[in-house]
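Every chain is numbered from 1, with letters handed out A, B, ... down the list of sequences.
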Protein chains: 2
Amino acid sequence: MTERNASKAQAITSEVRRRIVDREWRQGDRIPDEAELAVEFGVARATVNKALQMLAEEGLLDRKRRAGTHVTVNPARKATLTIPIVREQIEQAGMEYSHRVVAQRRSPLPADVAARMALPEGRELIHLRTVHYGDDKPFQAEDRWINPAAAPGAEAVDFQRITANEWLVRNFPWLHADMAFSAENASARDARLLETRQGTALLILQRTTFNDLGAITSVRVAFHPGYAMIATH
Amino acid sequence: MTERNASKAQAITSEVRRRIVDREWRQGDRIPDEAELAVEFGVARATVNKALQMLAEEGLLDRKRRAGTHVTVNPARKATLTIPIVREQIEQAGMEYSHRVVAQRRSPLPADVAARMALPEGRELIHLRTVHYGDDKPFQAEDRWINPAAAPGAEAVDFQRITANEWLVRNFPWLHADMAFSAENASARDARLLETRQGTALLILQRTTFNDLGAITSVRVAFHPGYAMIATH
DNA sequence: TTCATCTCTATGTCTAAACTTATTTTGGCA
DNA sequence: TGCCAAAATAAGTTTAGACATAGAGATGAA
């Protein structure tokens with residue numbers, strides 16, 4: 001057993017992980033079944049089940065009824081990204097947060113955003129452009145569309161006082177989200193808002209969220225040059 | 001209850017999620033404790049516990065002993081990214097996969113990579129540059145360092161036949177990984193390998209993996225222009 | 001042979017009950 | 001009033017046992 005101060009299930013995941021990493025159990029091998037491991041570790045089968053399910057979710061094990069549990073051959077591993085709230089992220093970095101609403105109006109939806117939101121092109125939504133600053137240096141520029149049909153009350157909010165993201169996240173939890181990372185050369189507008197040169201490579205995060213009434217919001221976030229989105233596993 | 005054909009725990013997560021989305025339970029509200037919900041749903045407390053733990057992991061609920069379960073106020077939601085194996089990704093898109101090893105040699109570790117791998121600068125590792133193609137169009141260019149101390153046998157592998165990623169992933173499961181996404185303007189080399197123009201914005205994935213012997217490999221992947229990394233939740 | 005059907009097995013799920021533990025609440029004491 | 005210790009509480013974990021079910025393998029019919 002590897003761990004000391006954890007739950008039994010945790011200790012079992014650690015030990016199984018160790019056996020895989022140390023290649024006692026090779027990729028593709030079938031490992032002993034739950035009942036056997038329960039005996040080996042001196043715990044109930046439910047405990048082994050919990051441990052192995054965790055490792056299966058992690059992508060280290062493949063489990064199938066009747067076929068048993070195998071060490072994954074080609075572990076296409078997963079990473080969890082936490083998308084923080086900008087203000088919290090900036091404040092955690094010890095900087096002073098501020099933001100500026102560059103534009104706020106009702107506008108007809110352009111085709112690309114309409115497709116992402118599964119709404120008809122030309123529908124009038126709230127269109128918002130905001131720049132977020134850390135210690136007065138541009139941190140990210142967001143271009144957001146908000147659907148009042150799925151987020152009633154949005155028209156009445158003063159987004160100078162509370163950021164759209166915070167207001168939405170606090171009031172309209174979503175059921176489903178699409179997300180994509182890409183890179184773009186800064187447009188003239190991006191460059192102006194982020195105080196950089198046109199053409200600079202920017203990390204772009206495009207995210208659309210949905211609840212049972214449809215798309216809530218779709219946002220394109222352009223991060224300041226050099227920004228890296230970190231994930232650890 | 002919302003779901004029909006799922007487990008009881010699943011049905012409970014759906015129903016609780018619905019109550020939150022429909023704002024029957026508002027952000028910050030304390031929800032009934034496990035015992036009460038168990039009675040309401042007519043299941044054992046363990047089943048409610050499982051359901052609520054799932055929602056807590058998702059970031060929708062905050063749970064504390066004695067204090068009870070609350071709807072998260074500022075859900076900084078998580079997204080799971082699956083980092084696929086290039087070849088599988090290309091083949092799944094219906095394209096024909098091929099790759100070319102541009103360079104393979106032992107070289108002294110530069111400072112930035114050394115820092116990421118927690119190895120001394122100047123240590124001689126295997127350095128590999130590979131381009132992966134889909135239907136003969138460049139898909140990604142990778143610049144990889146492999147530590148034979150953590151991945152014994154790496155020197156003897158013919159990386160023309162099997163890609164480094166596949167060989168490593170199949171033979172050396174990792175315990176820990178660091179990952180970062182960023183954007184860079186294509187260098188002259190990037191541009192040549194990806195058959196694009198210098199300065200084009202490229203999505204860069206930087207990943208370092210570790211096992212109990214230390215850093216296994218550190219790789220910088222430059223995707224072809226326009227590539228987007230997708231996550232759904 | 002090939003296909004359909006049956007059987008069996010390892011995982012999936014649930015339950016009731018017990019015990020553990022973090023944390024809040026309280027109540028007593030100074 | 002302020003502080004500390006004790007009690008209470010809600011979640012965390014485990015257990016033994018049961019039943020459900022996917023799906024691999026065996027069996028048998030065509």
Side-chain angles (χ1 to χ4, degrees), chain A residues 1-17 19-20 24-73 75 78, chain B residues 1-17 19-20 25-73 75:
Chain A
M1 210 67 38
T2 310
E3 301 296 293
R4 340 87 277 243
N5 54 353
S7 68
K8 294 191 189 183
Q10 272 303 330
I12 293 170
T13 64
S14 297
E15 171 61 11
V16 171
R17 203 184 280 113
R19 289 183 192 181
I20 293 170
E24 291 173 22
W25 291 341
R26 305 298 197 89
Q27 321 286 108
D29 283 2
R30 175 167 177 182
I31 75 171
D33 68 35
E34 294 183 350
E36 289 175 66
L37 291 174
V39 172
E40 182 193 336
F41 293 123
V43 300
R45 182 169 80 87
T47 306
V48 174
N49 180 274
K50 193 177 174 186
L52 298 187
Q53 290 210 353
M54 284 195 270
L55 291 166
E57 250 177 68
E58 227 176 81
L60 264 188
L61 296 177
D62 274 334
R63 325 191 69 212
K64 273 211 299 244
R65 280 168 152 136
R66 160 83 215 216
T69 300
H70 293 257
V71 180
T72 305
V73 177
K78 304 185 184 87
Chain B
M1 210 66 42
T2 309
E3 302 295 295
R4 342 78 283 233
N5 54 355
S7 68
K8 294 191 189 182
Q10 272 303 329
I12 293 170
T13 64
S14 296
E15 171 61 12
V16 171
R17 203 185 279 112
R19 289 185 190 179
I20 294 171
W25 291 341
R26 306 298 198 88
Q27 324 285 111
D29 284 0
R30 174 166 178 183
I31 75 171
D33 68 35
E34 295 184 351
E36 288 175 65
L37 291 175
V39 172
E40 181 193 337
F41 293 122
V43 300
R45 183 168 79 88
T47 306
V48 173
N49 180 273
K50 193 177 173 186
L52 298 188
Q53 290 211 352
M54 285 195 270
L55 291 167
E57 251 176 68
E58 229 177 77
L60 265 189
L61 295 177
D62 274 335
R63 323 191 72 212
K64 272 214 300 249
R65 280 169 154 136
R66 164 81 214 215
T69 300
H70 293 257
V71 180
T72 305
V73 177

Mind calculating the distance between [atom1] ([X]) and [atom2] ([N]) to the nearest angstrom?
X       : N      : atom1 : atom2 : result
B:Glu36 : D:dA11 : CD    : C1'   : 13 Å
A:Leu37 : C:dG12 : CG    : P     : 13 Å
A:Met54 : C:dG12 : CE    : C1'   : 16 Å
A:Leu52 : C:dA10 : CG    : C1'   : 11 Å
B:Leu55 : D:dG12 : CG    : P     : 12 Å
A:Lys50 : C:dT11 : NZ    : P     : 18 Å

Side-chain N,O ([X]) to OP1/OP2 ([N]) below 4.0 Å:
X       : N      : result
B:Gln53 : D:dA11 : no
B:Thr69 : D:dA10 : no
B:Gln10 : C:dT13 : no
A:Thr47 : D:dT13 : no
A:Asn49 : C:dG12 : yes
A:Lys64 : C:dA10 : no
B:Lys8  : C:dT15 : yes
B:Ser7  : C:dG12 : no

Could you write out each protein N or O paired with an N or O of nucleotides 17-21 of chain C at a distance under 3.5 Å?
{"unit_1": "C:dA18", "atom_1": "N6", "unit_2": "B:Arg45", "atom_2": "NH2", "d": "3.4"}
{"unit_1": "C:dT21", "atom_1": "O2", "unit_2": "B:Arg65", "atom_2": "NE", "d": "3.1"}

Go through B:Glu40 and B:Arg19 one step at a time and tell me if the salt bridge (Lys or Arg N to Asp or Glu O under 4.0 Å) criterion holds. CA-CA 14 Å; B:Glu40 181 193 337; B:Arg19 289 185 190 179; 2.6 Å; yes
Applying side-chain hydrogen bond (donor to acceptor under 3.5 Å, both in side chains), name anything that partners [X], two or more places apart in sequence or on another chain.
X       : value
B:Glu36 : none
B:Arg63 : B:Glu34, B:Thr69
B:Gln27 : none

Which atoms form the tightest heavy-atom contact between [X] and [Y], and what is the distance?
X       : Y       : value
B:Ala35 : B:Arg45 : N-CD, 4.2 Å
A:Arg66 : A:Arg30 : O-NH2, 4.3 Å
A:Ala51 : A:Ile12 : CB-CG2, 3.6 Å
B:Thr72 : B:Asp62 : OG1-N, 3.6 Å
B:Val71 : B:Ile31 : CG2-CG2, 3.9 Å
B:Gly59 : B:Pro75 : O-CB, 3.7 Å

Regarding the side chain of B:Ala44, the nearest nucleotide among D:dG12, D:dT14, C:dT15 is C:dT15
Nucleotide nearest A:Asp33 (side chain, heavy atoms from C-beta), chosen from D:dA24, D:dT13, C:dA10: C:dA10
On DNA chain C, does the nearest nucleotide to A:Arg30 precede the nearest nucleotide to B:Ala9 from the 5' side, or the other way round? Give the residue. A:Arg30
Could you give the distance from NZ (A:Lys8) to OG1 (A:Thr13), rounded to the nearest 0.5 Å? 14.5 Å
Short N/O separations, protein against nucleotides 6-8 of chain D, under 3.5 angstrom:
{"unit_1": "D:dA8", "atom_1": "N3", "unit_2": "B:Arg66", "atom_2": "NH1", "d": "2.9"}

Between A:Glu57 and A:Lys78, is the closest basic N to carboxylate O distance under 4.0 Å? no
Strand-adjacent residues in residues 56-63 of chain A, judged by heavy atoms under 4.0 Å from DNA chain D: none
